[in-house]
Amino acid sequence: MPAKAFVIAMAADIARSDYAKPSLIRTRSREWLIACRWGPEGEYLSIATTGAPLDAAGLQAPEAIRPKHSMVAVLASESETDATSTFLLVRQLPMPIELAGTFFPADGYAVLQQRDDIRLVCETRYSHSCGWLDGKEIRKDIPDPAPASAEAMAWHIEARQHGWIGEFFPTRGPFKQRVALRANA
């Protein structure tokens, strides 16, 4: 069964393409992402770009990476047999949440597969306007972008979990209540 909560670094291969023609790849890059799964049933997933490029080895994530732009997704289905969870990306946040990095409205899907490590495949496209509010960058969804808009594109992401000092998995197993011990003199 896939983990219901975690924060991990992922080495990602990202292909960018035209919003209207997602199959036409224009550029490729390799970058560190931060994936975070949370919620009472693990129903939310954020995938954040960090702006940190992968080095040649790409075995260990840099200690100082942090979320820059965060896409958010909601759980659509899960398969214990395949150890996969499928999420749908959202153009508006499903509820008021404090998100690390700037919210990046997007549509598409993300599939997590957890076996020995966690792998991610994400097919998404987005179109938004950029602005500032109270000193923070904000992005608002544009449902029907103009052709060749600079703020409209599609992304194809394949990523794999790698070691990182900021990695977090909550303790697994049943909660054990602490019992007070009394020292006898």
Side-chain angles (χ1 to χ4, degrees), residues 1-54 58-59 61 65 67-95 97 99-128 139 141 143 152-164 166-170 172:
M1 174 65 108
K4 301 284 187 188
F6 57 76
V7 177
I8 58 174
M10 303 190 90
D13 290 310
I14 302 171
R16 291 173 183 84
S17 58
D18 187 69
Y19 183 91
K21 295 181 181 176
S23 61
L24 182 60
I25 305 300
R26 300 214 184 270
T27 63
R28 294 182 182 275
S29 64
R30 299 187 75 217
E31 174 178 343
W32 288 104
L33 303 179
I34 297 174
C36 178
R37 185 171 182 181
W38 80 98
E41 302 297 322
E43 65 269 30
Y44 301 110
L45 175 70
S46 66
I47 304 163
T49 61
T50 65
L54 264 63
L59 300 176
I65 59 173
K68 185 174 178 181
H69 296 117
S70 297
M71 295 181 287
V72 174
V74 295
L75 183 64
S77 65
E78 227 164 11
S79 169
E80 270 190 61
T81 308
D82 298 330
T84 60
S85 302
T86 302
F87 293 84
L88 296 176
L89 293 156
V90 298
R91 289 181 172 261
Q92 286 88 30
L93 291 173
M95 61 182 176
I97 58 173
L99 191 62
T102 301
F103 173 60
F104 215 71
D107 60 25
Y109 70 91
V111 177
L112 286 175
Q113 183 173 47
Q114 184 176 355
R115 298 214 190 268
D116 296 332
D117 60 4
I118 297 175
R119 294 174 187 248
L120 169 81
V121 172
C122 180
E123 302 287 343
T124 183
R125 61 186 203 163
Y126 65 86
S127 172
H128 52 249
R139 298 197 178 221
D141 176 50
M153 66 174 55
W155 285 21
H156 310 272
I157 301 170
E158 291 185 16
R160 182 176 178 194
Q161 175 188 5
H162 280 266
W164 177 44
E167 185 173 284
F168 174 74
F169 282 87
R172 297 192 175 121

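- Between I118 and Q113, the closest side-chain pair of non-hydrogen atoms is not below 4.5 Å.
- In this structure the side chain of L75 never reaches within 4.5 angstrom of the side chain of L45, judged on heavy atoms.
- Residue pairs that meet the ring-ring contact (aromatic ring centres under 6.0 Å, His included) test with at least one member in residues 4-27, sequence neighbours left out, are F6-F169.
- Screening E78, E41, E43 for a salt bridge (Lys or Arg N to Asp or Glu O under 4.0 Å) involving K4 leaves a single residue, E78.
- Within 6.0 Å of atom CZ in R115, more than 12 heavy atoms from other residues, nucleotides or ligands are found, so the atom counts as buried in its surroundings.
- Note: R119 CZ to D116 CG = 8.5 Å, rounded to the nearest 0.5 Å.
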For residues 7-17, which side-chain N or O atoms pair as donor and acceptor with protein atoms under 3.5 Å away, sequence neighbours left out?
residue	atom	partner	partner atom	Å
D13	OD1	R30	NE	2.7
R16	NH1	S29	OG	2.7
S17	OG	P22	O	2.7
S17	OG	H156	NE2	3.2

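- Among residues two or more places apart in sequence or in another chain, the side chain to side chain donor-acceptor pair (under 3.5 Å) test is passed with S46 by none.
- A3 and Q114 make their closest contact through N-OE1, 2.5 Å (heavy atoms, listed as atom of the first residue, atom of the second, distance).
- To the nearest 0.5 Å, the span separating CD1 on I65 from CG on L33 amounts to 8.5 Å.
- Closest non-hydrogen pair, R37 versus S85, comes out as NH1-OG, 3.1 Å.
- Remark: F87 pairs with no residue by the ring-ring contact (aromatic ring centres under 6.0 Å, His included) rule, at least two apart or across chains.
- Put simply, the side chain of I47 reaches to within 4.5 Å of the side chain of C122, judged on heavy atoms.
- Taken to the nearest 0.5 Å, the CG atom of L99 stands 4.5 Å off from the OG atom of S70.
- A distance of 9.0 Å separates CG of D18 from CE of M153, quoted to the nearest 0.5 Å.
- Listed by chain and number, the residues in a side chain to side chain contact (heavy atoms under 4.5 Å, CB included) with P94 are Y44, V72, V74, V90 (sequence neighbours excluded).
- Checked for salt-bridge contact, K68 and E31 miss the test: no charged N lies under 4.0 Å from a carboxylate O.
- Rounded to the nearest 0.5 Å, atoms CH2 (W32) and OG1 (T50) are 9.0 Å apart.
- Aromatic ring pairs are classed by plane angle as parallel below 30°, tilted from 30° to 60° and perpendicular above 60°; the pair W155 and Y126 is perpendicular.
- With rounding to the nearest 0.5 angstrom, the CZ atom of R91 is 4.0 Å from the CG atom of D107.
- Qualifying side chain to side chain donor-acceptor pair (under 3.5 Å) partners for Q161, counting only residues two or more places apart in sequence or in other chains: E167.
- Shown here are the side chain to side chain contact (heavy atoms under 4.5 Å, CB included) partners of V111, two or more places apart in sequence or in another chain: T84, T86, Y109.
- The salt bridge (charged side-chain N to carboxylate O under 4.0 Å, His left out) test applied to R26 returns no partner, not counting sequence neighbours.
- At distances below 3.5 Å, not a single donor-acceptor pair connects side-chain atoms of T49 with backbone N or O atoms of G51.
- Residues satisfying the side chain to side chain donor-acceptor pair (under 3.5 Å) criterion with T124, sequence neighbours excluded, are absent altogether.
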